[in-house]
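Shown next, in structure tokens, is the structure this report addresses.
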Amino acid sequence: MSQRLVVAIGGNATHPENIRGTTEEQEELAARSARALRPLVERGGELVITHGNGPVVGKILLRQYYAREHIAPMRLDVCVAHSQGGIGHLLMQGLEDELARAEIDRQVACLITRVEVAEDDPAFHKPTKPIGPFFSAEEAQNLHRTLGWNMMEDAGRGWRYVVPSPRPKAILELGLIASLAAQGVVVIAAGGGGIPMVHRADGSYSGIPAVVDKDLTSALLGSALGADTLLILTAVSKVAIGFGKTDAKWLETVTASALHAYEKEGHFAAGSMAPKVEAALKFIEHGGKRAIIAHLDQALAALDGQTGTQVVPG
Ligand code: ADP
Ligand code: MG
């Protein structure tokens with residue numbers, strides 16, 4: 001049975017918060033992701049991999065901040081593109097090395113991917129996504145003045161750059177991704193949720209400073225490609241009801257309508273599990289057969305239905 005699979009890997013797979021983030025550390029993480037993904041490649045079928053860019057884009061911004069007197073800072077859409085390039089490079093190399101060791105003859109490609117968002121998306125009036133490090137109130141004022149960053153106080157921990165997180169509407173590289181995948185190429189695409197672009201009245205596109213949620217973009221990509229399965233790999237093995245509590249209940253197979261009801265009860269944290277649940281629901285709503293949320297190291301078992309939270313229509 002030939003299948004079409006979209007796999008999303010989280011920020012934890014590329015750059016957890018707690019590491020220094022040296023190139024060697026990131027290479028090791030890419031090798032770990034590659035080991036987790038190899039069995040999926042071995043399965044055959046079409047495979048497209050997306051990834052988060054969490055702390056990486058934060059560090060790119062921080063570098064710009066420290067160098068701003070000497071080197072002109074780039075707009076955020078360009079920073080997202082930088083993060084796709086760096087993460088994609090390491091992941092592509094990790095996968096190629098892993099496939100070569102296993103004597104699997106499949107090519108890997110990484111595509112810089114742009115995502116269309118609506119210029120009138122309400123998110124542009126209400127930036128909500130904090131990225132990068134914490135600053136003092138005085139530094140925050142200075143950043144607002146010198147770089148135009150929108151700064152917001154984050155839960156008593158300091159001030160952070162907050163950016164709009166508009167909804168992804170279309171993936172500009174969709175046709176290319178589909179044709180590469182159909183040729184058997186393992187495609188890495190839509191990193192960091194894609195580079196946010198707006199469609200101008202004259203037909204042109206331009207980049208806009210925002211960060212699109214990678215889980216929502218992965219769901220859109222999965223639906224647009226007609227994928228059978230969306231596999232969201234993260235740092236927990238299942239979705240929980242009452243997460244963090246002693247009586248937490250871990251969901252195994254769950255229908256979309258039951259999951260939707262749990263979502264409305266507020267079980268899933270904004271910015272972490274909520275976007276994954278929303279992505280799973282969107283994918284099923286648009287005709288997907290199965291969305292799975294599982295641990296990175298259990299990718300194959302999750303695909304085989306042995307672990308992970310399996311979201312099914314109904
Ligand atoms: P990623 O980098 O893979 O996108 P996130 O940290 O954004 O990962 O989201 C996954 C995290 O969400 C889990 O590691 C867990 O700490 C947290 N989480 C919040 N609510 C839940 C829940 N209800 N069930 C499971 N995990 C949850
Ligand atoms: Mg996340």
Side-chain angles (χ1 to χ4, degrees), residues 11 52-58 60-62 64-65 68 73-84 113-172 190-221 223-224 260 263-264 266 268-279 281-282 285-286:
N53 67 351
V56 173
V57 77
I60 291 170
L61 286 166
L62 195 55
Q64 302 207 136
Y65 165 72
R68 71 195 188 283
M74 294 286 107
R75 207 172 50 207
L76 185 54
D77 52 296
V78 182
C79 299
V80 172
H82 288 171
S83 76
Q84 286 188 349
T113 311
R114 296 160 303 159
V115 164
E116 186 185 338
V117 300
E119 204 165 5
D120 61 359
D121 190 300
F124 287 111
H125 301 291
K126 195 172 169 276
T128 52
K129 191 174 171 67
I131 50 173
F134 293 88
F135 297 97
S136 71
E138 195 191 334
E139 285 170 319
Q141 267 182 8
N142 184 25
L143 283 167
H144 182 67
R145 214 180 39 243
T146 56
L147 297 181
W149 288 4
N150 240 314
M151 305 299 290
M152 198 191 268
E153 216 284 319
D154 189 345
R157 295 176 297 176
W159 290 73
R160 286 178 93 183
Y161 180 24
V162 279
V163 301
S165 191
R167 305 188 69 82
K169 283 178 59 185
I171 291 159
L172 302 190
I195 304 164
M197 306 291 294
V198 290
H199 201 178
R200 302 287 183 201
D202 67 0
S204 66
Y205 284 92
S206 34
I208 189 161
V211 168
V212 181
D213 184 85
K214 75 107 178 31
D215 295 310
L216 295 183
T217 298
S218 303
L220 175 66
L221 180 60
S223 305
H260 183 64
E263 185 189 35
K264 283 203 295 197
F268 312 123
S272 60
M273 192 45 79
K276 295 184 204 310
V277 165
E278 199 189 326
L281 291 174
K282 279 249 149 15
E285 186 191 323
H286 290 100

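If you're wondering where the values come from, they're calculated on a predicted model, not measured in any experiment.
Between the OG atom of Ser206 and the CZ atom of Arg114 there is a distance of 11.0 Å, given to the nearest 0.5 Å.
Listed by chain and residue number, nothing satisfies the ring-ring contact (aromatic ring centres under 6.0 Å, His included) test with His286 (two or more places apart in sequence, or in another chain). For the ring-ring contact (aromatic ring centres under 6.0 Å, His included) test, no residue two or more places apart in sequence or in another chain qualifies with Phe268.
For residues 116-136, every residue pair satisfying the ring-ring contact (aromatic ring centres under 6.0 Å, His included) rule, not counting sequence neighbours, is listed here: Tyr65-Phe135. Residue pairs that meet the salt bridge (charged side-chain N to carboxylate O under 4.0 Å, His left out) test with at least one member in residues 196-205, sequence neighbours left out, are Glu119-Arg200.
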Could you go through residues 161-171 and list every donor-acceptor pair under 3.5 Å that involves a side-chain atom there, pairing it with any protein atom two or more places apart or in another chain?
{"unit_1": "Ser165", "atom_1": "OG", "unit_2": "Val211", "atom_2": "O", "d": "2.8"}
{"unit_1": "Arg167", "atom_1": "NH1", "unit_2": "Glu278", "atom_2": "OE2", "d": "3.3"}
{"unit_1": "Arg167", "atom_1": "NH2", "unit_2": "Glu278", "atom_2": "OE2", "d": "2.8"}

Show the atom names and distances, to 0.1 Å, of all donor-acceptor pairs under 3.5 Å that link a side chain in residues 144-152 to residues at least two apart or in another chain.
{"unit_1": "His144", "atom_1": "ND1", "unit_2": "Trp149", "atom_2": "O", "d": "2.7"}
{"unit_1": "Arg145", "atom_1": "NH2", "unit_2": "Asn142", "atom_2": "OD1", "d": "3.2"}
{"unit_1": "Thr146", "atom_1": "OG1", "unit_2": "Asn142", "atom_2": "O", "d": "2.8"}

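Nearest heavy atom pair, residue Met74 against residue Cys79, reads O-SG, 3.7 Å. When all heavy atoms of Lys282 and Ala219 are compared, the closest pair comes out as CB-CB, 4.4 Å. Heavy atoms only, all atoms of each residue included: Pro130 and Thr128 are closest at CD-O, 3.1 Å. When all heavy atoms of Val80 and Gly192 are compared, the pair lying nearest together is CG1-O, 4.5 Å. Across Arg68 and Pro73, no two heavy atoms sit closer than the pair CB-CG, 4.2 Å. Between Ala190 and Gln84 the shortest heavy-atom distance is C-NE2, 4.1 Å.
For the pair Leu76 and Leu61, the minimum side-chain heavy-atom distance is below 4.5 Å.
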* To do: Report the C-alpha separation of Trp159 and Glu139 in whole Å, then their side-chain angles, then the decisive distance to 0.1 Å, and conclude whether the side chain to side chain contact (heavy atoms under 4.5 Å, CB included) test is met.
  => CA-CA 8 Å; Trp159 290 73; Glu139 285 170 319; over 6 Å; no
* **Verdict with reasoning, Asp77 to Ile208, per side chain to side chain contact (heavy atoms under 4.5 Å, CB included)** => CA-CA 6 Å; Asp77 52 296; Ile208 189 161; 5.9 Å; no
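Counting heavy-atom neighbours within 6.0 Å of His260 NE2, excluding the residue itself, gives a total of 12 or less. Within a 6.0 Å sphere centred on CD of Gln141, heavy atoms belonging to other residues, nucleotides or ligands number 12 at most.
Distance alone, capped at 3.5 Å, places no donor-acceptor pair between the Thr217 side chain and the Lys214 backbone. Without hydrogens or angle criteria, Glu116 side chain to His199 main chain gives no donor-acceptor distance under 3.5 Å.
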